[in-house]
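So the structure is just underneath, and the comments pick up after that.
Residue numbers start from 1 in every chain, and the chains themselves are labelled A, B, ... in the order their sequence lines are given, proteins ahead of strands.
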There are 2 protein chains.
Amino acid sequence: MMGPDSPGVNKGAMTSEDYIPAALRRLWRMPESSRLGRPAALDVDLIVAAAVEIADRDGLGGVTIPKVAKSLGFTGMSLYRHVGSKDELLTLMADAASGTPPDLDTDDWREGLRDWAFALRAVSWRRPWLTRVPASGPPSGPNQIAWMEAGLAILSRTRLDWAHKVGILTLINGYVVQWVRQYSELAEGRAAEGRGQADAERDYGRALVRLVDPGRFPETARLFASALFETLPSDTPDATIADADFSLGLELILDGVAVRVERS
Amino acid sequence: MMGPDSPGVNKGAMTSEDYIPAALRRLWRMPESSRLGRPAALDVDLIVAAAVEIADRDGLGGVTIPKVAKSLGFTGMSLYRHVGSKDELLTLMADAASGTPPDLDTDDWREGLRDWAFALRAVSWRRPWLTRVPASGPPSGPNQIAWMEAGLAILSRTRLDWAHKVGILTLINGYVVQWVRQYSELAEGRAAEGRGQADAERDYGRALVRLVDPGRFPETARLFASALFETLPSDTPDATIADADFSLGLELILDGVAVRVERS
DNA sequence: CTTCTTTAGTATATCTGTGATACTTTCTCT
DNA sequence: AGAGAAAGTATCACAGATATACTAAAGAAG
């Protein structure tokens, strides 16, 4: 997978106790030991920043090794000196773009978790591509750990056990990711092509309604016939709808958490 | 995007009222009108079945147009007669592989939703690649609609409004998908390379523990130091742990739903 | 200062995949 | 029979990931 010359693989040089995988070392920006040879013009931070900028502009699909390199004035292959693979680059981007969580220490765990969820949503909403980075492994970058730490801090006053704490944070995080992914997809579709896209969308919806046979799918047919899809798309301000929809699921989760907190 | 000859685009032939996008027509297996010209040896079902088989064996990444075609004894390009794009093929695969939901009509919504979630988990667990199909748009295939119908049927005896019903099903579905994605990733990693992978995994975990400075991340450090990660990996049967873990989040959601049901 | 070593960046090439275009084949209908 | 339509095929252009081997630039050792 990696050339004979690839970055930071000095595994043999350390005892098994000290060994830290290269990917982790880069994620945590551990200083590269040597000061020999030609000094580097590139580094992980530069590359990740350039990649994030492209993702912000063109989406995750716009991030390719050659494009990132070109935006920095280097050749594609140069990136591989600093980053193990494209997948690793995505992981690095995700951690960097997540940023550090805001300060939200409260005595009230419910308020705290709500703030945490809204903060997470804000971050993801600003960079919807974050929700599409294929998750490879548990959170392991400094920023993602920091978000987890913030969540655990909120729950630290409860008597929940670790499994519950982790489970709750994972659940909320997953909810936020899913919600943003779905909503941003809609919003992007709408923005994509002034009117043609909206037309296509409406056509699609209308066609779907026609395909859902009330005999076979009675409840779904009633759902489609309900006001839910008729009123939403136009009149109310978008943010209001979105907040209401987001809160619906979130508060439901928080109600569930409340049951556990009381029980413990 | 599509050639001048591409499949089923006879938009002009129908009034705007009857128009159904080609992708939807294929998803719902609407019969192709004409009986002229050379009869087709291939069809959507054959292609999708072949693609699913490959995904089952090699994962989603193993599904490429040429490989699917070759497994059927045709050239890559032939598939484009029956399927608009690779993305569309993925959508078709996802719907087909979801299958129809089991019968789970109960008077008890809680039991019903639990069964629904477990059934969904079983399906996803059997084909983990399902959880990695990039979701393009709301559920719109017949099988996905059928699952939604099953969920709505369970909730039909409650007085919840449509927004709540949809929100609850989306939440549970999202939870299942996330859970399976995470767990199957772990399991695949473990299976990948007898021991080397497990070693790498342990190294990774150990390294991470070392990186998490208790000063900066006190709660997380305590979490890592807790028994949670020490006991899990080996002694208890996997399925037991998995069920307990899955149920933790699920029951939490159901507790939240209970609050809403009572309130309505 | 020169030469050695080490590391950074580059050039080149392979492999794989998507999908466009235009061609050939094989049907049905008249 | 033969016209016309649709299915499948042959080529092709293009793009991207990444291995391999090379060139260049810097400090260290003499």
Side-chain angles (χ1 to χ4, degrees), chain A residues 1-10 13 22-23 26 31-47 50-51 54-55 58-91 134, chain B residues 1-10 13 22-23 26 31-47 50-51 54-55 58-91 134:
Chain A
M1 211 103 190
M2 291 202 275
D5 237 14
S6 50
V9 200
N10 14 343
R26 292 191 279 265
E32 291 303 317
S33 40
S34 81
R35 204 167 293 103
L36 256 66
R38 181 177 173 180
L42 279 172
D43 65 18
V44 173
D45 279 306
L46 268 173
I47 294 170
I54 291 176
D58 306 335
L60 202 57
V63 177
T64 69
I65 297 284
K67 269 200 262 179
V68 173
K70 185 167 299 180
S71 86
L72 290 163
F74 292 85
T75 65
M77 287 314 290
S78 64
L79 302 201
Y80 287 104
R81 286 283 164 199
H82 306 273
V83 148
S85 67
K86 188 182 176 183
D87 263 16
E88 196 191 305
L89 176 58
L90 294 181
T91 303
Chain B
M1 212 105 189
M2 293 203 275
D5 239 15
S6 50
V9 201
N10 16 345
R26 293 191 278 265
E32 290 303 316
S33 41
S34 82
R35 203 168 293 104
L36 255 65
R38 182 178 174 178
L42 280 172
D43 64 18
V44 173
D45 278 307
L46 270 172
I47 294 171
I54 292 176
D58 305 335
L60 203 57
V63 177
T64 70
I65 297 284
K67 270 200 259 179
V68 174
K70 186 167 295 179
S71 87
L72 290 163
F74 292 85
T75 63
M77 287 313 291
S78 63
L79 302 201
Y80 287 106
R81 286 284 164 196
H82 305 273
V83 147
S85 67
K86 189 182 176 185
D87 262 17
E88 196 191 306
L89 176 58
L90 294 181
T91 303

Rounded to whole Å, the CD1-P distance (B/Ile65 to C/dT18) equals 5 Å
From D/dG8, C/dT10, D/dT11, pick the nucleotide closest to the side chain of B/Ala41? D/dG8
What is the distance, to the nearest angstrom, from the CZ atom on B/Arg81 to the C1' atom on D/dT9? 10 Å
Could you please name the option among D/dA17, D/dG8, C/dA11 that lies closest to any side-chain atom of B/Phe74? D/dG8
Atom CG of B/Leu79 to atom C1' of C/dT18: distance rounded to whole Å? 12 Å
Sequence neighbours excluded and cut-off under 3.5 Å, please list the side-chain donor-acceptor pairs for residues 61-69 of chain B, or say none.
residue: B/Thr64; atom: OG1; partner: B/Lys67; partner atom: N; Å: 3.2
residue: B/Lys67; atom: NZ; partner: B/Gly62; partner atom: O; Å: 3.3

Send over the distance from B/Leu42 CG to D/dA6 P, rounded to a whole Å. 17 Å
Value for CD1 (B/Ile47) from NE2 (B/His82), rounded to nearest 0.5 Å, stands at 5.0 Å
Reported CD-to-CG distance for the pair B/Glu88 and B/Leu79, which is rounded to 0.5 angstrom: 11.5 Å
Give the rounded distance in Å between these two atoms: NZ of A/Lys70 and C1' of C/dT10. 14 Å
On DNA chain D, compare the nucleotides closest to B/Thr75 and A/Thr64; which residue's is nearer the 5' end? B/Thr75
Measure CE/B/Met77 against C1'/D/dA13 and give the value in whole Å, please. 12 Å
Could you report the tightest heavy-atom contact between B/Leu46 and B/Leu42, atom names first, then the distance? CD1-CA, 4.2 Å
Taking only side-chain nitrogens and oxygens of B/His82, does any of them come within less than 4.0 Å of OP1 or OP2 of D/dG8? yes
Would one find a side-chain N or O of B/Ser78 under 4.0 angstrom from OP1 or OP2 of D/dG8? no
Starting at the 5' end of nucleotides 24-30 of chain C, put B wherever the base has a protein heavy atom under 4.0 Å, S where only the sugar-phosphate does, and a dash everywhere else. -BBBS--
Between CG of A/Leu89 and P of D/dT18 the distance, given in whole Å, is 10 Å
Just how far, in rounded Å, is P of D/dG16 from CG of A/Asp58? 11 Å
Shortest non-hydrogen separation from B/Phe74 to B/Ala41 and the atoms involved: CZ-CB, 3.9 Å
